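Chain letters run A, B, ... following the sequence lines, proteins first and then strands; every chain starts at 1. Given the structure is predicted, the values throughout are model-derived calculations rather than measurements.
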There are 2 protein chains.
Amino acid sequence: MKKKITLKHIAKELEVSISTVSKALKNSEEIGRDTKEKVQAFAKLYNYKPNNIAISLKNKRTKNIGVVIPDIVHHFFTTVFRGIEKYANKQGYNVIVCVSDESFDKEVINMEMLANGSIDGFIMSLSAETQQKQDFNHLKEVTEQGIPLVLFDRVSDEIECDKVVINDTEVAYQAVNKLIDEGRKKIALVTTEHYFNVSNHRADGYIRALTDAGRKLDDKLILKLPYKGIEDYMIEDFINTTDLDGILCVNELFAILCMRLAQKKGFRIPEDLSIIGFTNGILSRYCTPTLTTVAQHGEKMGEIAAQMLIDRVESEIDEQEETYRTEIIEATLIERESTK
Amino acid sequence: MKKKITLKHIAKELEVSISTVSKALKNSEEIGRDTKEKVQAFAKLYNYKPNNIAISLKNKRTKNIGVVIPDIVHHFFTTVFRGIEKYANKQGYNVIVCVSDESFDKEVINMEMLANGSIDGFIMSLSAETQQKQDFNHLKEVTEQGIPLVLFDRVSDEIECDKVVINDTEVAYQAVNKLIDEGRKKIALVTTEHYFNVSNHRADGYIRALTDAGRKLDDKLILKLPYKGIEDYMIEDFINTTDLDGILCVNELFAILCMRLAQKKGFRIPEDLSIIGFTNGILSRYCTPTLTTVAQHGEKMGEIAAQMLIDRVESEIDEQEETYRTEIIEATLIERESTK
DNA sequence: AGAGGTTACGCAAACGGTTTCGTGTTAATA
DNA sequence: TATTAACACGAAACCGTTTGCGTAACCTCT
């Protein structure tokens, strides 16, 4: 077993001091040609690589970024993560992922674990429970310690930090307008409980589109589903008791479920019923009929979040004039077979 | 901005030595009651938390584990990751994820980045390119340095380390037998290029099942698809030119594609054609008809991999008698609508 | 009162680097 | 020949902890 070699080993072997070795490896002008060559050759031979931890301690910079997301078995979050990882890696950063599992407590614990020096900054999307409780103290503590934070998708106005979101309201507005243009008269919204900020924005778009078109709003056309533990009957009841010919769903799963259950009831899609979902995931592309959906461009979102974070991390501490940005990514409607 | 407080700050403020503070916080018998209380109160007040990096340097243990996987936007890998993260977190470990993107070079670079002290051990699944090249030097270097390594799913016999796999051959055998029991006469196999070990094992099961049933093997019934960049025509040609009534696909996507394109050609599923896939992902559950599939129990796989790794990491270095285990997880066939 | 034992704390090394500053040697200059 | 600058290198501090060991002060017992 060849244990990792350190500066000390090289120094002893070559009978020079540790500082000489360190400088020689950095090609410092201070060190003579011969010594440099000798040291560098030796280091290469033994495949010397400086210890990241030691460097982190010295520099007070870990080159790690912490990502805390509610779920990892989830198409949207993984695409965002891919973007983060891609950009971060390019900049020489590694990514530590923690999954909050939609739990407030886990989110807090994860952040505390990471905030004690393990990472240079956070990229996060709030857990369902955090959004519900509206308790953001753990985030505020972190930012007060001077640790940069970038929030994406599930954000909150109460937290002052950089953010990346999509134009939820506008794109929902567009989606509903598409349904209106198709001639749909009874357009439903299938959404989550109120505490998800994105769902609310999408609902706003839905409402605005209908009112702008001079339609009456009808509460019976809005179905709120729990985030976890959905049962078929919840949707079936809705479909059975409601007269509708178009649905906007705030996520992909809702859309797929609606489509399946509507098909089961004999609806032809898109002839009798148009369906539009959010999240351009794998389901949307491979279900039958394929699903018209809002692409959130998660990968781009991740890249931008990572860029914002790393910029913050690397900007000299003073120049952080506490002026935070919110980057808005333009989502796009991808038309497929579930609409006309 | 409240910067993180250190032992040194506490020591100065309380006019004691750093070591006294350290010991007091650990409730050492060496320190007097009064001092301990004073220090602990002060530490709590200022929310002192020891710096992870400093501790890592001291202990030569980071409490981080490195996960290198080919892809993150991929159901199976994310479920495995979830298992890893779950177990690791419970044991106080954090997880650094690097995505090799099926590239050998990225795999090597990622491992090198992490191997310089950032992590205590690796959990990996080999990239496509690595399997193709059969070049495992980066893995051997890591293990020679004494860094524990656990391979899952995409493993290789050439690497000596702990492994977690599923009983691919047996479960493929079972799956094909199910098709035989259904009375299928022309059972096809849709697989990947040869260099994926799991595909080969699954192919073995396919072949064994057919030969055990006294069937003649027919090369025409085997379709090899590229791993990326699949075009519809590749499958359509196969379906058009081959007489078949049953298909075993080595992954979920292949199964979904076969199903879609067969349906398009007028096949009724499962009446005319039975399809079984691998990976019990979201597609299998929500496509129409739902897909009979082999559940690989990724989460369990991840948990076991993490457990094996952490056991290794925490066992005293000497007792590693170089006796590696390969844990085999029993995959199970989940029957749905795509088979009778 | 002196020996011996506690008690309660501090010193310093160590982990593996980086970096500032000091210094001995040599060669160039006056 | 004495002065000095350039060169090449080493000592030591530092990042934040942990921990073995030394020791001053006090106590107890004879």
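Rounded to whole angstrom, the span from the CG atom of Leu57(A) across to the P atom of dT19(C) amounts to 14 Å. Between the C1' atom of dA8(C) and the CD atom of Glu37(B) lies a distance of 15 Å, rounded to the nearest Å. Atom pair Leu25(B):CG and dG16(D):P shows a separation of 16 Å (rounding to whole Å applied). Between the CD atom of Glu29(A) and the P atom of dT19(C) there is a distance of 15 Å, rounded to whole Å. Rounded to whole Å, the distance from NZ on Lys3(B) to C1' on dC15(D) is 14 Å. In this structure, CG of Leu7(A) is placed 6 Å from P of dT18(C), rounded to the nearest angstrom. Rounded to an integer number of Å, the gap from NZ of Lys63(A) to P of dG17(C) is 18 Å. Taking atom CD1 of residue Ile10(A) and atom P of nucleotide dG16(C), one finds them 13 Å apart after rounding to whole Å.
Using a 4.0 Å heavy-atom distance criterion, Thr35(B) is classed as a sugar-phosphate-only contact. The residue Lys60(B) sits close only to the backbone: its heavy atoms come under 4.0 Å of sugar-phosphate atoms, none of a base. At a threshold of 4.0 angstrom between heavy atoms, the contacts of Ser22(A) include nucleobase atoms, whether or not backbone atoms are also involved.
At a cut-off of 3.5 angstrom, the base of dT18(D) holds at least one donor-acceptor pair with the side chain of Lys58(B). Donor-acceptor pairing under 3.5 Å, judged by distance alone, is present between the side chain of Glu30(B) and the base of dC21(D). In the interface, the side chain of Ser17(B) is not paired with the base of dC9(C) through any donor and acceptor atom under 3.5 Å apart. No hydrogens or angles were tested; on distance alone, a donor-acceptor pair under 3.5 Å links the side chain of Ser19(A) to the base of dA11(D).
Residues satisfying the side chain to side chain contact (heavy atoms under 4.5 Å, CB included) criterion with Lys133(A), sequence neighbours excluded, are Phe104(A), Asp135(A).
With no hydrogens or angles considered, a side-chain donor-acceptor pair links Ser127(A) and Thr130(A) at under 3.5 Å.
Considering Asn52(B), Asn51(B), Asn64(B), Thr62(B) in turn, Asn52(B) is the only one that fulfils the side-chain hydrogen bond (donor to acceptor under 3.5 Å, both in side chains) rule with Ser118(A).
Between dG17(C) and Tyr48(A), a contact under 4.0 Å exists linking OP1 or OP2 to a side-chain N or O. A sub-4.0 Å separation between OP1 or OP2 of dA8(D) and a side-chain N or O of Lys36(A) is absent.
Between dG17(C), dT19(D), dC9(D), one nucleotide has an atom nearer to the side chain of Thr20(A) than all others, and that is dC9(D).
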>> Between Phe42(B) and Tyr46(B), is the ring pair (Phe, Tyr, Trp, His ring centres under 6.0 Å) condition met? List the steps.
In response: CA-CA 6 Å; Phe42(B) 190 91; Tyr46(B) 285 92; 4.6 Å; yes

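Aromatic ring pairs are classed by plane angle as parallel below 30°, tilted from 30° to 60° and perpendicular above 60°; the pair Phe76(A) and His74(A) is perpendicular.
Each of Lys49(B) and Lys23(B) has a nearest nucleotide on DNA chain D; the 5'-most of these lies closest to Lys49(B).
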